[in-house]
There are 2 protein chains.
Amino acid sequence: MKRTTYAGLIDESYLDQTVTLSGWVQKRRDFGDLIFVDLRDREGIVQLTFNATNQSALTVAEDMRSEYVVAVTGKVIKRDASQINDKIKSGAVEVDVTSAKILATSKTPPFYIEDNVNANEELKLQYRYLDLRRPEMQKNLRVRSKIMSSAMHFMDTHDFINIETPILAKSTPEGARDYLVPSRVFPGSFYALPQSPQLFKQLLMGAGFDRYFQIARAFRDEDLRGDRQPEFTQMDVETSFMTADEIRELVNEWVKAMMNDVVNFDLDTTTIPTLTWQESMDRFGTDKPDLRIAYEIHDLSDTVSNSEFGVFANAVKAGGVVKAIAVPGGADHYSRKDIDKLAQYIERFGAKGLAWLKVTDDGLTGPIAKFFKPEDSQALIAGVGGQTGDLLLFGAGRNDVVSATLDYLRRQTAADLDLVDKTNPWAFAWIVDWPLFEYSEDFDRWIAAHHPFTMPNEEDLHYLDDGEDPHKAHAQSYDLVLNGYELGSGSIRIHRMDIQEKMLKALGFTPEKAHEAFGFLLEGMEFGFPPMGGIALGLDRLAMLLAGQENIREVIAFPKNSRATEPMTEAPTRVETKQLNELGLFVPEAE
Amino acid sequence: MKRTTYAGLIDESYLDQTVTLSGWVQKRRDFGDLIFVDLRDREGIVQLTFNATNQSALTVAEDMRSEYVVAVTGKVIKRDASQINDKIKSGAVEVDVTSAKILATSKTPPFYIEDNVNANEELKLQYRYLDLRRPEMQKNLRVRSKIMSSAMHFMDTHDFINIETPILAKSTPEGARDYLVPSRVFPGSFYALPQSPQLFKQLLMGAGFDRYFQIARAFRDEDLRGDRQPEFTQMDVETSFMTADEIRELVNEWVKAMMNDVVNFDLDTTTIPTLTWQESMDRFGTDKPDLRIAYEIHDLSDTVSNSEFGVFANAVKAGGVVKAIAVPGGADHYSRKDIDKLAQYIERFGAKGLAWLKVTDDGLTGPIAKFFKPEDSQALIAGVGGQTGDLLLFGAGRNDVVSATLDYLRRQTAADLDLVDKTNPWAFAWIVDWPLFEYSEDFDRWIAAHHPFTMPNEEDLHYLDDGEDPHKAHAQSYDLVLNGYELGSGSIRIHRMDIQEKMLKALGFTPEKAHEAFGFLLEGMEFGFPPMGGIALGLDRLAMLLAGQENIREVIAFPKNSRATEPMTEAPTRVETKQLNELGLFVPEAE
């Protein structure tokens, strides 16, 4: 019984045809001499009917149960008008089965195979192969597959060469924690799984390949969050002899093709705004703004520097800022209790309270309204662009705390009030002109804002010289943002050894350490490396967004859980002592 | 100076056009007021001329040296007739440069950048980015890239879904040695890098994806040979509800498309022979025969069982075999000394000598000719299909030793005498009906000939039952062979738990061990797994063959050397004690 088509493709165009189908029993309804079976395959569902006209098939159907694998042959006929189901492609027809065979049986699954099923997340990961049978998961992984096809096709037609770089690579400093792989040939030495193919792709440009592309796996041994996994996939691009503008234009073309191929959306890339990092931070408090939300952050520091409200005046006097957003229609929506909850949440950003006001026809109301004279109120409302009915939310204090706070409040209030613009479903943005360095609280020192191979702006190169402040330098780097998520990060790279050495020095490397870690790259730059730049787009996050999901686990076939384990295979596991001995490893806990 | 085209693309169609090029200085000849520079980029070479008409450009050219990176603008003009170079695309033209810029300088490279350069292999790996600049390496990696593009396109248009499977996976028995990755969250536990996505792709079929494809990285911690690397790439396919015949037909279509796309060869897949494993072993002594060599192995055991030549008669009496090949024209080609060398080489296969005879118009000559009466000689010559001028080479003894010996002698003599058929450059073959098990000398026990998930032939299933000999079973497996190399290996998989349990039992697994290692798969099979099968083609070996290379290192951007190290980055390396502490690892040698 050789399958002739997919169950989910059958519709009225198949009427009167004899088809052979293979798939899973989704549901079975037994009326004795008449049995209905919903047959599911990757394309969807079709209804099978078994009746006494074909007794042998009917007998087989009597044994069918949920998730049995079956093959059937039958004729596509019209359903009774009363039975038509508009919700599925095959809803107007059914297959009158003449012969049937059970190919595999199934125990009762631990959860029902349907979308939005209420099952424990860990149980679903343990039986991932069952959870993946759900239509939504099938769709998610096909969206991911389509993105890859589209990218491969685009890169191929744009003369990019697909080159694989090593997974067994070298551990290098300046990044997240590496996953290590012990060497058997050299006990005590380790490979590291790459955090990105960055160095290899720069070497490929040094090798003259000119245009490189790879769908590359990368690894980070960090604590996990919703949008992080120990291994992730980058669509990785590098080019020689192109400017940052030219690379962004190329990426625009790529993204346009992808949106067309994957979600059938005609993206007008000329409307993608380019914001400097500073502008993005000022207007949205973040370097990955969600531009579907219309209201922005306004700096009121000057307006309130002499305010009678001491919190504001003192914040400005102490060298801080006072900024605010005006949430349209927020005045009616948020009770004092709601606002208290927001105030509590933002403590994690370092905020010490949440000042708020409501805009009415008669001016401002709220507990702190009394501190504002009518003319001050008017200045405040004008400064934040407030309208009657708006809720004004303030941040006062250190600029980074205020930014993080108002970024959160902007996104949260927009979600609460459904203020995310649905007419602009795919809000892309380029964020450019980043600082070259950023201060890391984790490491308590300056680190590279992107990575140590990012080229400073031409006019900022002198900041890397002795006696100057390197942290003033900005970089030829650019991030692509979609709907408030960072999709990818790119830059022009350093291709000259003298600049690279200065950069590593600014990051605190001694010359010896620099050569120990990156000697092969520094040496390479002495042999004619071309100007180069590129970008890497995160496939997991992009697939998540294009599939309309909120967690990258939904677009990964076999993800790890929050403890970096894989509940189905139970990896990682203990291994045999013989294996450890071969690697010269001693694991105290394994004894 | 924005590049308008590649140097290597310029030919007479560009005449009189102004072009801007970027690339590397291959060669520079300085005649004072006239300087010639060969400019190289990934597409090839074009000659630049600098002269006093454009003094500023000439001045820049004076500073140019080998491997400098430069950008130039100039007009494409005809070369002097005396200077025309037929060997390169741009050989009839040159670029009369009007402006020039040095983008990066270069020290003198440790070896000259040209094909067939005589440089130490380790040095070339250390400066891999320089070695990769050679035209041949550029071509090799582009062949590899083309194979991937072609495969992605084929799979995409044949409804395959590209799904990524984990690199951080579970260590499982029954395979080569795993590379391990220590877990930080669970010190003492380890992930393993996958030796193939085999189990995951079976689970994806269980999940109903129906057609899966992946260009997948796989890993084996084994000692290295010319065609082995610690990490390698598989083009991995799995399908549901298809028979072995249907899968082979699909692969034929795929290979046909690939040969067209990559080497512009119109492969007639109807001419691809299908041999049983037994037939291949009998005729060629190997399971990966090179069908471009016409002469085959002949079994003469019956013919010589009563021979006066004791070596032959005794071999047969002891239960062994006597087999031979007739090497066309070998009689004149090989001296006694040459034959002694072959005899010495085959000792590694366990052969204890090399009997040989030469066919003349008057019968056989050679040291053992005296043992054969005229009628025995005629029977021998007829049995091996010998002609006047042939060299007959014999193997006598254990069948496996004889097979290995004559396989080697067949390939070696064909190479020596140039007897590989050049009119059939791509000799594909399918080898089917493999034994399910093979005896491993390494492990001193029976192991799975392919892997433990291979479905036995329907009629052989009973061999797995208690009281029967499982090693008699043959499998629904198939290998694709090209020019004497195994390109890929596939099979129908076991999709029923009862068969899988019997298979693991035959491999020596207790039920407990079986469930510890493969419990998730065995459990999955209880929930309705479809009949399934697939194949994996090795990308490295395929790229090597299609690029006309003899070592897979030539088609890998950054390969490891024979000690599994990467001379450029020096991976694997020592890591910081802090990193080991976080993993709960103690490395005695690292102290």
Side-chain angles (χ1 to χ4, degrees), chain A residues 3 22 42 67-69 104 106-107 109 129 132-133 142 145 148-149 152 156 161-163 166-171 179 181 183-185 187-191 203 206-208 210 217 221 230-231 241 520 524 526-530 557-558 563-564 568-569 571-573 575 584 586-587 589-590, chain B residues 3 22 42 67-69 104 106-107 129 132-133 142 145 148-149 152 156 161-163 166-171 179 181 183-185 187-191 203 206-208 210 217 221 230-231 241 520 524 526-530 557-558 563-564 568-569 571-575 584 586-587 589-590:
Chain A
R3 181 173 61 191
S22 303
R42 74 176 208 186
E67 301 309 315
Y68 275 35
V69 183
S106 173
K107 294 200 301 190
Y129 45 86
L132 287 172
R133 289 181 188 170
R142 290 178 83 169
S145 176
M148 287 191 275
S149 296
M152 289 285 291
D156 201 30
I161 305 176
N162 189 355
I163 303 178
I167 299 285
L168 292 171
K170 184 193 183 187
S171 183
Y179 276 107
V181 181
S183 160
R184 178 175 56 88
V185 183
S189 287
F190 294 81
Y191 304 96
L203 292 161
D210 201 72
R217 207 71 65 88
D221 186 8
E231 53 185 299
F241 306 113
F520 58 100
E526 293 194 279
F527 291 105
F529 268 35
F558 300 103
R563 306 206 70 194
M568 183 182 64
T569 63
T573 59
V575 298
F586 176 63
V587 180
E589 290 85 345
Chain B
R3 181 173 62 193
S22 304
R42 75 176 209 188
E67 300 309 314
Y68 274 34
V69 183
S106 173
K107 295 199 302 189
Y129 44 87
L132 287 172
R133 289 182 188 169
R142 289 177 82 168
S145 177
M148 287 191 274
S149 295
M152 288 287 290
D156 201 30
I161 306 176
N162 189 354
I163 302 178
I167 299 284
L168 293 170
K170 185 193 181 186
S171 184
Y179 276 106
V181 181
S183 160
R184 178 176 54 88
V185 183
S189 287
F190 294 81
Y191 305 96
L203 292 161
D210 200 73
R217 207 72 65 88
D221 187 8
E231 53 186 299
F241 306 114
F520 58 100
E526 293 194 280
F527 291 106
F529 268 35
F558 301 102
R563 305 206 71 195
M568 182 182 64
T569 62
T573 59
R574 297 287 166 147
V575 297
F586 175 63
V587 180
E589 291 85 343

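Note that this is a predicted model, so its numbers are computed, not measured. All chains are named by letter (A, B, ...) in the order of the sequence lines, taking the proteins before the strands, and each is independently numbered beginning at 1.
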Largest heavy-atom contact set with chain A, pairs under 4.5 Å, which of Lys170(B), Arg184(B), Met148(B), Met152(B):
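Of the options given, most contacts go to Arg184(B).
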Heavy-atom proximity to chain B below 4.5 Å, by part of Tyr68(A):
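Neither part, no heavy atoms under 4.5 Å.
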At a heavy-atom separation under 4.5 Å, does Arg217(B) approach chain A through its side chain, its backbone, both, or neither?
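Side chain of Arg217(B) only, per the 4.5 Å heavy-atom cut-off to chain A.
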Mind checking the [atom1]-[atom2] spacing from [X] to [Y]? Nearest 0.5 Å is all I need.
X: Ser183(A); Y: Arg574(B); atom1: OG; atom2: CZ; value: 9.5 Å
X: Arg142(A); Y: Asn162(B); atom1: CZ; atom2: CG; value: 12.5 Å
X: Glu67(A); Y: Phe527(B); atom1: CD; atom2: CZ; value: 10.0 Å
X: Arg42(B); Y: Asp210(A); atom1: CZ; atom2: CG; value: 5.5 Å

If you apply the rule side-chain contact (heavy atoms from CB on, under 4.5 Å), what do you find for Tyr129(B) with Phe529(A), and how did you get there?
CA-CA 10 Å; Tyr129(B) 44 87; Phe529(A) 268 35; 3.9 Å; yes
Are Met568(B) and Leu203(A) close enough that some pair of their side-chain heavy atoms sits under 4.5 Å apart?
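Side chain of Met568(B) against side chain of Leu203(A), heavy atoms only: contact under 4.5 Å found.
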Arg133(B) side chain to Gly206(A) main-chain N or O, any donor-acceptor pair under 3.5 Å?
yes
Shortest non-hydrogen contact from Leu168(B) toward Glu231(A):
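So the minimum-distance heavy-atom pair works out to N-OE2, 2.9 Å.
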Please determine, among [options], the option with the most heavy-atom pairs under 4.5 Å with chain B.
options: Pro166(A), Pro109(A), Pro230(A); answer: Pro166(A)
options: Asp156(A), Val575(A), Ile163(A), Ile161(A); answer: Ile161(A)
options: Ala571(A), Gly528(A), Ala169(A); answer: Gly528(A)

